[in-house]
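Some notes on the structure that comes next.
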Number of protein chains: 2
Amino acid sequence: MRGLGKRRTGWRVFVSTYESAIDAKGRVSIPAPFRAALGGGTRIFLWSALDGSGCLEGGGEALMAMYRATLTRLPPQSPVRKALVSTIFAGSADLKMDETGRIKLTDELIKVAGLNGRVKFAGNIDSFQIWDPDKHAAFTTAMSETAAKPETLAALGEAYNDVLRQHELGHYPDLKLVEGGEG
Amino acid sequence: MRGLGKRRTGWRVFVSTYESAIDAKGRVSIPAPFRAALGGGTRIFLWSALDGSGCLEGGGEALMAMYRATLTRLPPQSPVRKALVSTIFAGSADLKMDETGRIKLTDELIKVAGLNGRVKFAGNIDSFQIWDPDKHAAFTTAMSETAAKPETLAALGEAYNDVLRQHELGHYPDLKLVEGGEG
DNA sequence: TGGGGTATCATGGGCGGCCATGGGCCTCAA
DNA sequence: TTGAGGCCCATGGCCGCCCATGATACCCCA
């Protein structure tokens, strides 16, 4: 892909939201910051979001490795595990980014997500989502309403304080979080 | 087989689902990504899925080596081990891929899986499944319904967080805890 | 602080190679 | 001899690779 430069030292997290177009061949440019978050990998996995929200969810090999490790913690023949393997592994498209950072969405993916012309890429920490812009707008509105609720804020504050306390109390003695550079 | 080039090197996992045809001679093309996941091996083992779901399950030599190692952990004469050896080892067809990446399914396999004309190859992480397309559609629907249940999502999230916590530092090398105080 | 230059990025389009599939020929066994 | 399986070549469609272009954001320098 075109050089990513050294913008935003590599911290492999999917942040922010970007819009891009689906061309006549069904190709979509992965936003450059997301390509950086993929850590140079060119293999993209995409599946229909489990919760039925109507978006696509996806990531690179690192994410799939995480899911693989996760699923092996569930009882092998349990309905839960089978459902997740079927949905995430069997259900995902295994796409390869081209040299300019694009992937070709399958008709199936376009259909289930109701995509048409333009898409929104939304960062989701370890993964990202692909939305139809209208659906995304509705989703965003609903989310910000929930976020503003006192319970939400309280839950955030509590969890945040837990983390803070753990660091302070020496659960991780003398350690602090920093951003790593490229090298 | 036709050169796979260097596409999708690394990471031998069976992901995604592909459809292909059974030709007049009973041959089926193994999807190219699955051939890559087989790591260049041309020997395919296939048996009727243990859970009675009506599909075939299979993989390459790596998978059988795993099963071999697994079964030797069970008491030699235990009914469990005998049943598994009988189903997986005695019950498998040992097929060889031809130069173009096809295998010939036995009549037995076609019959137990109810195959007819076209088949679906579904990735299953370390193994893959072969389905009649209609059965597969029904299975997929059932699985995505289960996957969308709050309990399932909760179980996934919990297991994921466990893995995250365990690998917190290892998997995100750019986000590291370092020694050192304020200075 | 403003303007020009440059690097990066999103997008369009052409082309070759890969892949799924069809089919022929040879060998071997019944 | 016939049918089945193994091996090979042929082919058409599609995917991935590549080049090109315009737009934009960023940087540097005046």
Side-chain angles (χ1 to χ4, degrees), chain A residues 1-10 14 16-38 40-46 93-110 115-121 128 130 133 182, chain B residues 1-10 14-38 40 42-44 46 93-111 115-122 128 130 133:
Chain A
M1 80 199 70
R2 309 285 171 90
L4 285 173
K6 306 201 187 312
R7 274 187 56 206
R8 319 201 182 207
T9 59
F14 296 94
S16 192
T17 298
Y18 302 90
E19 185 168 342
S20 73
I22 307 181
D23 71 13
K25 290 182 174 183
R27 295 178 299 186
V28 183
S29 282
I30 307 275
F34 283 16
R35 299 206 294 268
L38 288 166
T42 59
R43 207 170 163 189
I44 311 274
F45 302 90
L46 281 178
D94 178 357
L95 307 173
K96 185 161 183 318
M97 245 176 24
D98 69 16
E99 292 297 311
T100 63
R102 287 179 290 191
I103 52 174
K104 178 171 190 315
L105 299 176
T106 65
D107 295 341
E108 176 72 15
L109 290 173
I110 291 179
L115 303 180
N116 181 28
R118 300 193 71 80
V119 297
K120 289 273 191 185
F121 283 81
F128 60 85
I130 297 182
E182 292 288 300
Chain B
M1 80 198 70
R2 307 287 171 89
L4 284 172
K6 303 188 192 304
R7 273 190 55 206
R8 318 192 186 216
T9 58
F14 295 95
V15 198
S16 194
T17 297
Y18 302 90
E19 185 168 342
S20 73
I22 307 181
D23 70 13
K25 292 182 173 184
R27 295 176 300 185
V28 183
S29 282
I30 307 277
F34 283 16
R35 299 206 294 268
L38 287 166
T42 59
R43 210 168 160 192
I44 310 274
L46 281 178
D94 179 357
L95 307 174
K96 185 167 181 312
M97 245 176 24
D98 70 16
E99 291 297 309
T100 63
R102 287 179 289 195
I103 52 174
K104 176 165 192 322
L105 299 176
T106 64
D107 294 341
E108 175 71 14
L109 290 173
I110 290 179
K111 197 176 130 201
L115 303 180
N116 180 28
R118 301 194 71 82
V119 298
K120 290 272 191 185
F121 283 81
F128 61 86
I130 297 182

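Quantities reported herein were computed from a predicted structural model and do not represent experimental measurements. In what follows, chains carry the letters A, B, and so on, assigned in the order in which the sequence lines appear, proteins first and then strands, with residues in each chain numbered from 1. Worth knowing before you read on, the calculation uses all heavy atoms, side chains too, and leaves out hydrogens, waters and symmetry mates.
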_Estimated bend of the helix from dT1(C)-dA30(D) to dA30(C)-dT1(D) (axis per five terminal pairs, rounded to 10 degrees)_ = 30°

*Step-by-step side chain to side chain contact (heavy atoms under 4.5 Å, CB included) determination, D94(B) to R43(B)*: CA-CA 7 Å; D94(B) 179 357; R43(B) 210 168 160 192; 2.7 Å; yes

*Name the closest nucleotide to the A32(B) side chain, picking from dG5(D), dC19(C), dT21(C).*
dC19(C)

_Whether R35(B) contacts dA20(C) is assessed here as follows: a side-chain N or O lying under 4.0 Å from the phosphate OP1 or OP2. Is that the case?_
yes

*For F121(A), which residues count as a ring pair (Phe, Tyr, Trp, His ring centres under 6.0 Å) partner, sequence neighbours excluded?*
F128(A)

*Check every atom of dT11(C), dC15(D), dG5(D) against the side chain of K104(B) and return the nucleotide holding the closest atom.*
dG5(D)

_Side chain of T100(B) only, heavy atoms from C-beta on: which candidate in dT21(C), dA10(C), dT11(C) is closest?_
dT21(C)

*Could one point to a donor on the side chain of R27(A) or the base of dG13(C) with an acceptor on the other under 3.5 Å away?*
yes

*Ignoring hydrogens and angles, are the base of dG12(C) and the side chain of R102(A) linked by a donor-acceptor pair under 3.5 Å?*
yes

*asked:* Which nucleotide wins on minimum distance to the side chain of S29(A), given the candidates dG22(C), dT11(C), dC8(D)?
replied: dT11(C)

*Considering just the side-chain nitrogens and oxygens of R118(B), establish if one lies under 4.0 Å of OP1 or OP2 belonging to dT21(C).*
yes

_For dG5(D), does the base pair up with any side-chain atom of K96(B) as donor and acceptor (N or O, under 3.5 Å, distance only)?_
no

*asked:* Is it the case that dG14(C) (base atoms only) and K25(A) (side chain only) share a donor and an acceptor within less than 3.5 Å, ignoring hydrogens and angles?
replied: yes

